[in-house]
Structures are given as C-alpha cells and as structure tokens.
Enquirer: 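My questions will all concern the structure given below.
Scope of the values below: all heavy atoms of this structure, side chains included, with no hydrogens, waters or symmetry mates. Chain A is the first sequence line, chain B the second, and so forth, proteins listed ahead of strands; every chain is numbered from 1.
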Number of protein chains: 2
Amino acid sequence: MATVPPGDDRPTPAPRRLPDLHALELLVAVAQTGSLGRAAARLGISQPTASSRIRTLEKRLGLPLLQRATTGSQLTAAGVLVTDWANQVLEQADVLAEGIAALKSQLQGDLRIAASLTLAEHLLPGWLVAMRAHYPEVHVGLRVANSRLVVQALRQGEAELGFIEGPWTPADLQSLPVARDRLVVVTAPDHPWARRRRPVTGEELSATQLLLREAGSGTRETLERALRPWHGPSVPLLELGSTAPLRSAALGGAAPAVLSDLAVRDDLAAGRLVETSLAPGLDLSRTLRAVWPLEAELPAAAKHLLWIAQGGPAQH
Amino acid sequence: MATVPPGDDRPTPAPRRLPDLHALELLVAVAQTGSLGRAAARLGISQPTASSRIRTLEKRLGLPLLQRATTGSQLTAAGVLVTDWANQVLEQADVLAEGIAALKSQLQGDLRIAASLTLAEHLLPGWLVAMRAHYPEVHVGLRVANSRLVVQALRQGEAELGFIEGPWTPADLQSLPVARDRLVVVTAPDHPWARRRRPVTGEELSATQLLLREAGSGTRETLERALRPWHGPSVPLLELGSTAPLRSAALGGAAPAVLSDLAVRDDLAAGRLVETSLAPGLDLSRTLRAVWPLEAELPAAAKHLLWIAQGGPAQH
DNA sequence: GGCACGTCATAGAGTTTGCCTATGGCAACA
DNA sequence: TGTTGCCATAGGCAAACTCTATGACGTGCC
C-alpha cells in the first residue's frame, strides 16, 4: 500500500483571498446585459441586491468596475480585465461542477462513461462542459476504473463509452485515439538533474531511485515497459498510491519523479518543477483512446463528445 | 466609437451552481495535511468549523469526500477527483487575485509593469502567480496601455518592465520575444465557412464583411498590414471596442470575426467557434515582446518573470 | 491493562451577513 | 413636461456562519 507522508506541514502558502463567485458571476452578467437590473433578473435576484453586491466587490478589490449611468452600466477599463479573469475562474468552476455531476450519476446517466483515472481527472470534465453546450439535457454518468475494468463495463453493458490509456485495444471493441499522454521525469528546480543538459538515458533512469506510482498502475506499467531493455526501474525511493502526493514529494526535491505530463503541466509552466529531457531511445508516451462496443451505434451526444475529444474542428 | 449591442438577452445560460471556494480550499488543505484539525489550523479557523464545512460540502455534492478515522482523514476516490478539480479552480482564482493586486498597485509597486491589453488580459497574471512562488514579497504594479504608451512609460521611468505586441522595437530599449500571438478568423459552427475545406485567401478575406476591433487597435493594425497586398479589409459589418462583445457577435453567427487566438482558445477547443484556415501567403501572427530600458539592470524578480514568460526551463 | 493523546462530532449561543420590499433621485426621450 | 427606464438608499427580517465547550472513539505507549 502507499506510504503517505504523515503530516505535510511544509511552507505555509500565503493565505489567499478568495473571490466571491456570486459577485463575479453577476459582474459577467452585467457586462453582457449592460444593466445591473437585467443582470439581476437573469440571476434571479433583486436589483438592489445586485447593486450592493457589485459595490461590495468594488470595495473589496479597491477598484471601480462599473461606470453607472441612468442609461445602464458599462465596464470600466479595470472592469474589462477583471471580468475576463473572472470568466476563467467561472469556467473552471463549470468543469468542477460537470465533473461532480457526472461522478454523482455514476451508474444512472443517460450516457454512461467509464474512464481511467488520468482521463477522468484531467480531460473528461472539460470535454463534458463543451458537450453540454449542444446537449444540455443529457445526463452523464462517470465511473472511474482502470483500463481492464473499463473494458469489462463496456462488455457488460454498464457503460456506453469508455476511455482508456495504453496500447492495448480488445478486438471486440471499436476504438479511436483521442489524445496522447507523455510520462515525464520531473525534479524540483534545485535538484542536480534540473541543471543537466545531457538527456537522461534508459540506463541511467533504470539505475536511479525514483518517486513512482504503485506497481500495477498504468503509469508504472508504462515506465516498466519502456525500461524493459534495461531490466526495468530500480527499487523506488518512495512508492505512492496517487498522483498528488507524488507531485508533492517531487516538489520537496528528494528525487526525480515519473508521472503524467497532464498532472504537472502547470508546475512545469510555472517553473515549480523542471522536466528532464530523455534520450531518444526512451519513449514514455502512450495513447489515450475512446472505446465502445463494436455492434453499438453511439448516441449523438457521445459522437459529439468524441469530436470534441479529438480536438474538435481543427486538430491542434 | 464602438457600437455595443443594446441589451444582450440571448439564450439564458443554464443557471450554474457555484461551488464554495472556502470549502474547496479546506478540502485541499485536508488532503495535504491528512487531518481536519491541522487543515483548520492552517486556514485559521476552528476545527468544528472545518468539520461542518466539509460535511456541508459533501451534502451539497452528494458525494463522500473524506474517510474519517481517529488517526486522521483521507480522501475517498471521489475526493481525489474533486480535490484535483478544485485545485484548478483555486489556481484560476489565484490568477484573478494576482491580476487584481497588480492592477490595484498600478503605479506604486516594487516592480512596475506596463503591458498591452492582450498580454495583461491573457498571459501576465498567470506569469505573476508563478513568480510569486519565488518572490512572495515583491509587489507588482500593472498598468495597461497600448504599445506606444508602454514604451513611453519605460522611457520616463514610470515602469521597469514592459510587454508589447507588434514587430516594432525602439532602439533605446532592450527586448526579448516571449510569445507569439496568432490572429484567427473564427465563425460559429453553423456558418458556411465552418464547413469549407479550402483555406481562405487574402483576396477573399479582404472582400468579406467581417466583425472587427476598432481602427487603431493592435489587432486591427495587424490585420490591415497583413491584408495590405489586397488593399486592406473591406468595411466591417460591425466594429467593436473590445474583445468580449466581438466574441459574442461571432458566437451569434452573423459573420466571421478576426481576433486573437488567446481570446477564443477555449471556444475553439470546445467547438463553440470554428477556426477558418488561411492560405499560406496570409500571415496574421505577431510577436509579443518584453521590453526594458537599455541601461537598466533588471531586478531579480523581473528576470525570473522573463524566464517564466519565455516558457521556463523547457520551451514547449 | 490502563492512561494519555490525537482524532472527529455535537450542541448551543451570539453575531454577522445577506436578502427583499419600498422608496427616492436622476437623466433621457417623447 | 410627463414618462420611462436606470441606479442608490433605508429598514426589517431571516438565515448562515462561527466560536467555545464538551463528548466519543481508537491508537499507542508505558
């Protein structure tokens, strides 16, 4: 079983001031309707409440957001920026809400999806949000399981659509690649590997004590397959049951960690973690696929979901 | 001046259920500390309050998030997913907070930045969040202005660092390209251009009535320069003063719109908008640059910011 | 085996926050 | 000049939230 760090009391992150999402939502509505009153109506609150909320928001931020007139209200320059940032927050909130709704429906949805953890965590909710624009009535049920169980769920008619990782595609299922996932070797910025220029070879990697997911996980399997020519990875320094503590350990800087690019993309962009380049012969990428029963005709919503998952109209 | 749609009462977006950010933050803290009590202490609230908050959250979501024991609390399977999604929301909230803080400081920061609208809107706050991890004490002041005014602010010592768009780099400033910005031609998915396969030529584009930003804006200038061989764009169907209503109009489907890829990236990924491919001769991209005075030595925080803006350790 | 420690849950009191209705002032337009 | 939207203010009510104090439960140590 995973060894979880007993109590992680590391550097207290500066206490963050959380925004009031209701106020942000209102601000966006005002921007769109051009009037506090109409925005209030859209959100189902009274006009004075809206007025007060925005005023409180302005006071808390210390910025004027609206230019009020008897003809309506318009965003100020600061308001434009804040509204834009607010929209990003609300969009993520939608992703969260969509994920939760799907998770809650689990087995009862109109469209039942079974997905591996990586996909369910990092990609699927976003796709569901996009799908909702076209199929607002479809209730999605999401079940999270490893690849083997996903396939089993499809065969037993417990799900209409599945998402799995890995090369493996059973013959009795249709499949469509939807994305790729790279495993990356990451270290804290102060780890020696962060400064090295020479790519890490398979031999080196297999000789290094790493931070890894537990045996049996898809991530671990991919690594083991890639390192098979060098007789697999050595005994891990630490073996963890899920991605989050693994990421924490890597941030701590003890050793290089191997995990999905999707899980640390933000950390890499922000420079909190550094990716170690790999020698050409070392391929840690894998394909993420949608799978569904051969004989089944996918419902329209599912087809649309696949279209989105593939990258929509323009494959980037 | 821009013509703003008088009152946009279009399709009422389904009322969204907004999450309680305080509860999400607490959940993340519990995941990290492994205990409700420690998490409460970290957030400066009492333990019963924490207990109650999480319980309320679980009730509202209809999902068990924590497995409580006398030794502490661990995330359930659902809790892992929710925590992950919650982290994304909180990260966007940080971006918002960082942007607001910088906007509020305006002229008083330790590090005063002047940036064009596109950069300030879509890129800079994220960079600032990343910077804060290493320089928590640095107060950033952000001033938003067009490229000419940014340069002027640097010359007059009113800012230490600037970010501008466009090819233009004055000789008395140092500059460093930090990103590229593509203008894209987008339509609603039901517009004829969404289905065409042949790329749009400069001739076609210049003959089409488009949705455009107002004359004088950086976006408009870039388009005009690119279409100069075809004598510039024709009279716009609608001319708008900022990006948001332009995007709305494009979603409405009246005509193709030309705007920054950064502003519609999400819409493209979600299939709400479709990008029209352009003929090879038609280049609507531009470089986004950091600029600062020749003689000046950049403060360490600014150097770090540039490092992040460039894509950090690994240029993706 | 018993005691101490840490965990989480419950109860009750006090305070704050937020909402709505009703009203007033102001500018634009007919 | 009257009418119609818009926003701001005031007052009263209700709900939500927080804290302190306490209880119950399992673990681990002596």
Side-chain angles (χ1 to χ4, degrees), chain A residues 1 3-9 15 17-61 63-76 79 83, chain B residues 1 3-9 15 17-61 63-76 79 83:
Chain A
M1 199 41 217
T3 313
V4 176
D8 179 356
D9 287 333
R17 187 112 208 90
L18 295 172
D20 174 2
L21 291 193
H22 288 96
L24 297 185
E25 185 184 35
L26 174 62
L27 179 65
V28 170
V30 173
Q32 287 174 351
T33 58
S35 139
L36 273 170
R38 276 199 295 270
R42 170 186 290 194
L43 299 189
I45 61 177
S46 77
Q47 173 267 320
T49 300
S51 177
S52 145
R53 258 198 217 167
I54 292 282
R55 206 160 270 293
T56 306
L57 181 65
E58 285 178 319
K59 193 153 287 176
R60 279 177 52 161
L61 302 190
L63 290 171
L65 301 174
L66 291 183
Q67 217 160 27
R68 294 142 173 96
T70 60
T71 64
S73 296
Q74 290 221 351
L75 293 177
T76 61
T83 304
Chain B
M1 197 43 216
T3 313
V4 176
D8 179 354
D9 288 333
R17 187 110 208 92
L18 295 171
D20 174 2
L21 292 193
H22 289 95
L24 296 185
E25 185 186 34
L26 175 62
L27 179 65
V28 170
V30 173
Q32 288 175 348
T33 59
S35 140
L36 273 170
R38 275 198 295 270
R42 169 185 294 193
L43 299 189
I45 61 178
S46 76
Q47 173 268 321
T49 301
S51 177
S52 145
R53 259 197 216 166
I54 292 283
R55 208 160 268 294
T56 306
L57 181 64
E58 285 178 319
K59 194 153 285 178
R60 281 176 51 161
L61 303 189
L63 291 170
L65 301 174
L66 291 183
Q67 216 160 27
R68 294 143 172 95
T70 61
T71 64
S73 297
Q74 290 221 351
L75 292 177
T76 62
T83 303

Enquirer: With a 4.5 Å cut-off on side-chain heavy atoms, are A:Leu75 and A:Val30 touching?
Expert: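 They are not in contact (no side-chain heavy atoms under 4.5 Å apart), so the answer is no.
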Enquirer: Under a 3.5 Å distance rule, please check whether B:Thr33 uses its side chain to pair with a backbone N or O of B:Arg38 as donor and acceptor.
Expert: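 No, B:Thr33 side chain to B:Arg38 backbone: no donor-acceptor pair under 3.5 Å.
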Enquirer: On DNA chain C, compare the nucleotides closest to B:Arg55 and A:Thr56; which residue's is nearer the 5' end?
Expert: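 With B:Arg55 and A:Thr56 compared, the 5'-side residue is B:Arg55.
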Enquirer: In Å and rounded to the nearest 0.5 Å, what is the CG to OG1 distance from B:Leu26 to B:Thr49?
Expert: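 It is 9.5 Å, given to the nearest 0.5 Å.
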Enquirer: Does B:Ser51 use its side chain to pair, donor to acceptor, with the backbone of B:Gln47 at less than 3.5 Å?
Expert: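 No, B:Ser51 side chain to B:Gln47 backbone: no donor-acceptor pair under 3.5 Å.
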Enquirer: Do the side chain of A:Ser73 and the main chain of A:Gly34 share a donor and acceptor less than 3.5 angstrom apart?
Expert: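 Not confirmed, A:Ser73 side chain does not pair with A:Gly34 backbone.
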Enquirer: Walking along DNA chain D from 5' to 3', note the first and the last nucleotide with an atom under 4.0 Å from a heavy atom of chain A, and give both.
Expert: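 That gives a stretch of D:dG5 to D:dT9.
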Enquirer: For B:Arg68, enumerate each residue passing the salt bridge (charged side-chain N to carboxylate O under 4.0 Å, His left out) test, keeping only those at least two apart in sequence or located in another chain.
Expert: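 Only B:Glu58 meet the salt bridge (charged side-chain N to carboxylate O under 4.0 Å, His left out) criterion with B:Arg68.
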Enquirer: Can you pull the contact range of chain B along DNA chain C, 5' to 3', using atoms under 4.0 angstrom from its heavy atoms?
Expert: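 Result: C:dG6 to C:dT10.
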Enquirer: Considering heavy-atom distances to DNA chain D, does A:Pro48 or A:Gly72 have its closest nucleotide positioned more toward the 5' end?
Expert: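 Per heavy-atom nearest nucleotide, the more 5' residue is A:Gly72.
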Enquirer: So what does B:Ser52 hit on the nucleic acid, given a heavy-atom distance under 4.0 Å: a base, only sugar-phosphate, or nothing?
Expert: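 Result for B:Ser52 = nothing.
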Enquirer: Kindly compute the distance separating CG (B:Asp20) from CG (B:Leu57), expressed to the nearest 0.5 Å.
Expert: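 Separation between the atoms: 7.5 Å.
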Enquirer: So, the side chain of B:Thr83 versus the backbone of B:Gly79: is there a donor-acceptor pair under 3.5 Å, distance only?
Expert: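 Yes, because the side chain of B:Thr83 sits within donor-acceptor range (under 3.5 Å) of the backbone of B:Gly79.
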Enquirer: So what does B:Ser35 hit on the nucleic acid, given a heavy-atom distance under 4.0 Å: a base, only sugar-phosphate, or nothing?
Expert: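 Sugar-phosphate only.
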Enquirer: Starting from the 5' end of DNA chain C, give me the residue, A:Gln47 or A:Thr71, whose nearest nucleotide shows up first.
Expert: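 With A:Gln47 and A:Thr71 compared, the 5'-side residue is A:Gln47.
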Enquirer: Across the strands shown, which category fits B:Ala50 at heavy-atom distances under 4.0 angstrom: base, sugar-phosphate, nothing?
Expert: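 It contacts nothing in the nucleic acid.
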